Amino acid sequence: MGSLIERLDRRIAEALAAVTGIPDAAAAVKPTEDERFGDFQANGVMSLAKRLKRNPRELAREVLARLDLGDICSRVETAGPGFINLTVSSRFLSAELGALARDARLGLDAAAVRETIVVDFSCPNVAKEMHIGHIRSTIIGDAICRLLEARGHDVRRINHIGDWGTQFGMLIEYLRRTDPEAVRGGKTLAIGDLEEFYRAAKARFDADPEFAEAARREVVKLQAGDPESVAVWRVICDVSRRKFEENYALLDVRLEEMGESFYNGFLPEIAADLAARGIARESDGALCVFLEGFGAPFMVRKRDGGYLYATTDLAALKYRVEAMGARRIIYVTDARQKEHFRQLFAAARLAGYAPEDVRLEHAAFGSILGADGAPLKTRAGRNVLLKDVIAEAVARARRVVAEKNPELPAAEQDAIARIIGVGALKYFDLRQNPSSDYVFDWDRMLALDGDTAPYLQYAYARVQSIFRKGAVREEEYAGVDPLIDARVEARLGLWLLRFGETAAAAARDCRPNIVAGYLYELAARFTAFYGECPVLKAEEPARAGRLLLCRLTARVLAAGLRLLGIEVSERM
RNA sequence: GCGCCAGUAGCUCAGUCCGGAUAGAGCAUCGGAUUUCUAAUCCGACGGCCGGGUGUUCGAAUCACCCCUGGCGCGCCA
């Protein structure tokens, strides 16, 4: 059936086509920004009039004469230079809300075509602790996956971890020397702190020439598949993986690991294929793809014969298209890699690894800055660890819960603090357009007022409180078409109807912030309704209708937050 | 040098792809609301040459061109 906007758009487009004879005339229906202009407006008449060199107001009147929207609207009128303003009737709104309440999907329809979509996100490096630099990719990537999954797609959440490369020689050699038992048996491992381990290995590498030489020999052995080297490499990867999983569990993020090493065997054939077909050629001893419009070539093999991340990315892309059947590949990485991905996509198209109808997207995100405007670091100038950030968010939330609701049992306070703390952390990131940088601010993130997760979660808890307080049974409101009397009810109801189209737009554009903005507005409209309209004490039939609005609000809030990977609490 | 991104209220940001009505929100500030379903709330006020300029258009934060400022990226790291 489509969203209300789509339906209005279609009807008006038909009238436009009938009047002008232009079949693809766009009605351009949008919600109004000012309520005096009704609920929706169609802007299409004006641009069409321009094209036809006609008077837009006159054209609008003709379209209006052709238009019968009596089943949806209580008022349809032309205004200004050629707008058509639409006001939805309360009878229609009531029926739509009744139908929405009976829809398990809350208007969020599955996409017309189910596609396999690869989302490449998180991607930490083995032997390094996850830090603040991984939070955006992990949180945004997860939200994008949830959005696409909600649209019914077959989403592959790929963790393209950095588990291969020259630094492994150093790490393997270091582990051999400092924990030979772990290397042999692998049962216990002395790597407590991955950051520390990496730093120590690096320090030794820089200071000890004999060690450095041994490390270089290790690289060769590892790449040649030496069993013992591979075994030690596995041990290091396993330790890292366990560390990553701790973070993912805290964040409730699920990933499928396919690291760089997975593509190792494909690299020579990629280079050979590109060279054989003349797509890449030698330059200064290196093998490069020269792409039009780029300053630098796309290098796939170094002078020394080694491969680069460009080669791995190309191999991964090819694999995803050919072996996994991806119709869309989304890379959730730092905006600084924009040029790299433009080159990667161009090279993949040129090589035929990605046919034109496979969409390649770089969902780029900006940096997290400290209060000083520089990228966020600890006071000592180190990376802020992800687990520390999560712990701090939960601890801060815990203090607030204890202050606001001291009578709750400690265990429940803990559980609520986790939901609020992690939710606040995620929401603070997701509410902004991914592409922009943002300033990290604990106080704003966990503030109880304004556009924050706690505010949304609180709105949810308040709705649930109504049902608890009134010991409301489902039969009391299920199946009714709510009476829409008050303006605040209509405003809430109209907004509830837009959940599906909003989530679909966010999924299409890889923009979780669209959902965040929607939910904030929903919570605001709900609290306005809540403040003005008594629910439990209302007379029937208003009471049942308001209960239905409350139930719908709670469901949409929970479902919407769920799309962002944020949980709700029945009480807070 | 070449390229990419950003510049919107005191602060933090939406809106820019696809041009519409008087440019929105949050915070901060100020004023108001509570015998009432969680005040972790709500209502109101204040606050803008949308970095500058030129152009296209009935109409520009949005499109084009030029300039200024800041950030970032640019062959053998990822």
Side-chain angles (χ1 to χ4, degrees), chain A residues 26 28 30 32-34 36-37 41 43-47 49-50 55-56 79-83 85 123 125 162 165-167 260 283-288 293-310 312-313 333-340 342-343 364 366-367 369 373-375 400-401 403-405 420 431-433 435-439 441 443-444 446-452 454-455 457-459 461-470 472 509 513-514 516-517 520-521 523-524 527-538 546-547 550 571-572:
Chain A
K30 307 200 317 198
T32 53
E33 275 178 34
D34 190 323
R36 285 175 318 175
F37 304 135
Q41 63 185 54
N43 298 341
V45 171
M46 289 173 288
S47 51
K50 178 154 69 178
N55 180 319
F83 296 100
N85 291 340
C123 310
N125 290 309
T166 51
Q167 78 275 19
E260 291 173 350
S283 169
D284 287 339
L287 187 64
C288 300
F294 292 93
F298 195 60
M299 190 179 296
V300 294
R301 193 175 62 212
K302 294 189 285 185
R303 191 166 26 209
D304 68 5
Y307 300 101
L308 299 108
Y309 75 131
T312 309
D313 280 352
T333 78
D334 197 293
R336 283 176 299 202
Q337 294 186 50
K338 192 167 258 189
E339 188 80 346
H340 166 68
R342 283 185 51 222
Q343 285 193 308
S367 307
L369 311 176
V400 179
V401 174
E403 182 198 323
K404 298 286 181 187
N405 240 335
I420 294 178
R431 64 186 277 266
Q432 324 222 25
N433 189 325
S435 66
S436 51
D437 296 347
Y438 72 87
V439 177
D441 182 341
D443 293 331
R444 267 324 306 153
L446 283 147
L448 311 160
D449 49 5
D451 187 7
T452 65
Y455 174 82
Q457 291 165 324
Y458 177 59
R462 286 170 106 188
V463 190
Q464 295 306 82
S465 173
I466 293 174
F467 289 90
R468 257 199 319 274
K469 195 95 170 187
V472 177
D509 296 345
N513 71 305
I514 293 175
Y520 178 71
E521 179 69 24
T527 47
F529 158 80
Y530 180 89
E532 199 173 307
C533 300
V535 178
L536 293 173
K537 287 178 201 139
R546 287 179 182 172
L547 280 168
C550 287
R571 235 183 279 268
M572 60 187 278

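Chain A is the first sequence line, chain B the second, and so forth, proteins listed ahead of strands; every chain is numbered from 1. Worth saying up front: this structure is predicted, and the values here are computed from it rather than measured. All values below were derived from every heavy atom in this structure, side-chain atoms included, with hydrogens, water molecules and symmetry-related copies excluded.
Note on A:F294: nothing from the nucleic acid sits closer than 4.0 angstrom, heavy atoms only. Nucleic acid contact class of A:F467 (heavy atoms, under 4.0 Å, all strands): none. Looking at heavy-atom distances under 4.0 Å, A:S465 makes contact with a base. Note on A:C533: a base of the nucleic acid sits closer than 4.0 angstrom, heavy atoms only. Looking at heavy-atom distances under 4.0 Å, A:L536 makes contact with a base. Nucleic acid contact class of A:V439 (heavy atoms, under 4.0 Å, all strands): sugar-phosphate only.
Here A:D443 pairs with nothing under the side-chain hydrogen bond (donor to acceptor under 3.5 Å, both in side chains) rule; sequence neighbours left out. Checked against salt bridge (Lys or Arg N to Asp or Glu O under 4.0 Å), A:D441 has no partners two or more places apart in sequence or in another chain. For A:K404, the side-chain contact (heavy atoms from CB on, under 4.5 Å) criterion is met by A:V400, A:L448, not counting sequence neighbours. Scored by the side-chain hydrogen bond (donor to acceptor under 3.5 Å, both in side chains) test, A:N433 finds A:S435 as partners (sequence neighbours excluded). Scanning for side-chain contact (heavy atoms from CB on, under 4.5 Å) contacts around A:K30 gives A:N43, with sequence neighbours left out. In this structure, the side-chain contact (heavy atoms from CB on, under 4.5 Å) partners of A:T452, at least two apart in sequence or on a different chain, are A:R444, A:A447, A:P454, A:Y455. For the salt bridge (Lys or Arg N to Asp or Glu O under 4.0 Å) test, residues two or more places apart in sequence or in another chain that qualify with A:R336 are A:D334.
Between the NE2 atom of A:H340 and the P atom of B:C76 there is a distance of 15 Å, rounded to whole Å. Atom pair A:E403:CD and B:U38:C1' shows a separation of 15 Å (rounding to whole Å applied). Atoms OH (A:Y307) and P (B:A78) sit 14 Å apart, rounded to a whole Å. The nearest whole Å value for the distance from the CD atom in A:E532 to the P atom in B:G44 is 11 Å. Taking atom OH on A:Y530 and atom P on B:C42, their separation rounds to 11 Å, with Å as the unit. A straight line from CD of A:Q337 to C1' of B:G3 spans 17 Å, rounded to a whole angstrom. Whole-Å rounding puts the A:M572 CE to B:U38 P distance at 14 Å.
Taking NE2 from A:H340 and CG from A:D313, the interatomic distance works out to 4.0 Å, rounded to the nearest 0.5 Å. If you take CG on A:L547 and CD1 on A:I466, they are separated by 7.5 Å, rounding to the nearest 0.5 Å. For the atom pair CZ of A:R342 and CZ of A:F294, the computed distance is 4.0 Å after rounding to the nearest 0.5 Å. One finds the NZ atom of A:K50 at 10.5 Å from the CE atom of A:M46 (value rounded to the nearest 0.5 Å). For the atom pair OH of A:Y520 and CZ of A:R431, the computed distance is 9.0 Å after rounding to the nearest 0.5 Å.
Here the side chain of A:D437 pairs a donor or acceptor atom with the backbone of A:S367 at under 3.5 angstrom. Between the side chain of A:T527 and the backbone N or O of A:A523, at least one donor-acceptor pair lies under 3.5 Å.
When all heavy atoms of A:A538 and A:R546 are compared, the pair lying nearest together is CB-NH1, 3.8 Å. Shortest non-hydrogen contact noted between A:M299 and A:K302 is SD-CA, 4.5 Å. Listed here is the closest heavy atom pair of A:P297 and A:C288: CB-CB, 3.7 Å.
Side-chain proximity of A:L448 to B:C13, B:A40, B:C43: nearest is B:A40. Candidate nucleotides B:U41, B:C4, B:C76 were compared by shortest atom distance to the side chain of A:K338, and B:C4 ranks first. Counting only heavy atoms from C-beta on, A:I420 has its side chain closest to B:A40 among B:U41, B:A78, B:A40.
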Nucleotide by nucleotide, 5' to 3', does protein get under 4.0 Å of the base (B), only the sugar-phosphate (S), or neither (-) in nucleotides 15-27 of chain B, counting heavy atoms?
S---BBBB--SSS
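When the C1' atom is compared between B:C68 and B:A9, the two are found 22 Å apart, to the nearest whole Å. On the P atoms, B:G31 is 47 Å away from B:A64, given to the nearest whole Å. Look at the P atom in both B:A61 and B:U22: the space between them is 11 Å, to the nearest Å. The same atom, P, is picked in B:A45 and in B:G26; the two are 12 Å apart, to the nearest Å. For the P atoms, the distance linking B:C17 with B:C65 amounts to 15 Å, nearest Å. Between B:G51 and B:U16, the two P atoms lie 15 Å apart (nearest whole Å). Rounded to whole Å, the separation between the P atoms of B:A33 and B:G71 comes to 49 Å. Between B:U8 and B:G3, the distance separating the two P atoms is 25 Å to the nearest Å.
Looking at which nucleotide of RNA chain B each of A:E260 and A:F529 is closest to, the 5′-most match is held by A:F529. Both A:A528 and A:R342 lie near RNA chain B, and the one whose nearest nucleotide falls closer to the 5' end is A:R342.
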Which atoms of nucleotides 68-75 of chain B (N or O only) lie under 3.5 Å from a protein N or O atom, and what are those distances?
from, atom 1, to, atom 2, distance (Å)
B:G75, O6, A:S283, OG, 3.0

Enumerate all atom pairs, one protein N or O and one N or O from nucleotides 6-10 of chain B, separated by less than 3.5 Å.
none

Which pairs, protein N/O on one side and nucleotides 31-36 of chain B N/O on the other, fall under 3.5 Å?
from, atom 1, to, atom 2, distance (Å)
B:U36, O2', A:K537, NZ, 2.3

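When side chains are defined from C-beta on, A:C550 does not count as touching A:Y530, because their heavy atoms never get closer than 4.5 Å. Between A:C123 and A:T333 there is no side-chain heavy-atom pair separated by less than 4.5 Å.
In RNA chain B, runs of at least 3 consecutive Watson-Crick or G-U pairs, each pair with both distances below 3.5 Å, span B:1-7 with B:68-74, B:10-13 with B:24-27, B:29-33 with B:41-45, B:51-55 with B:63-67.
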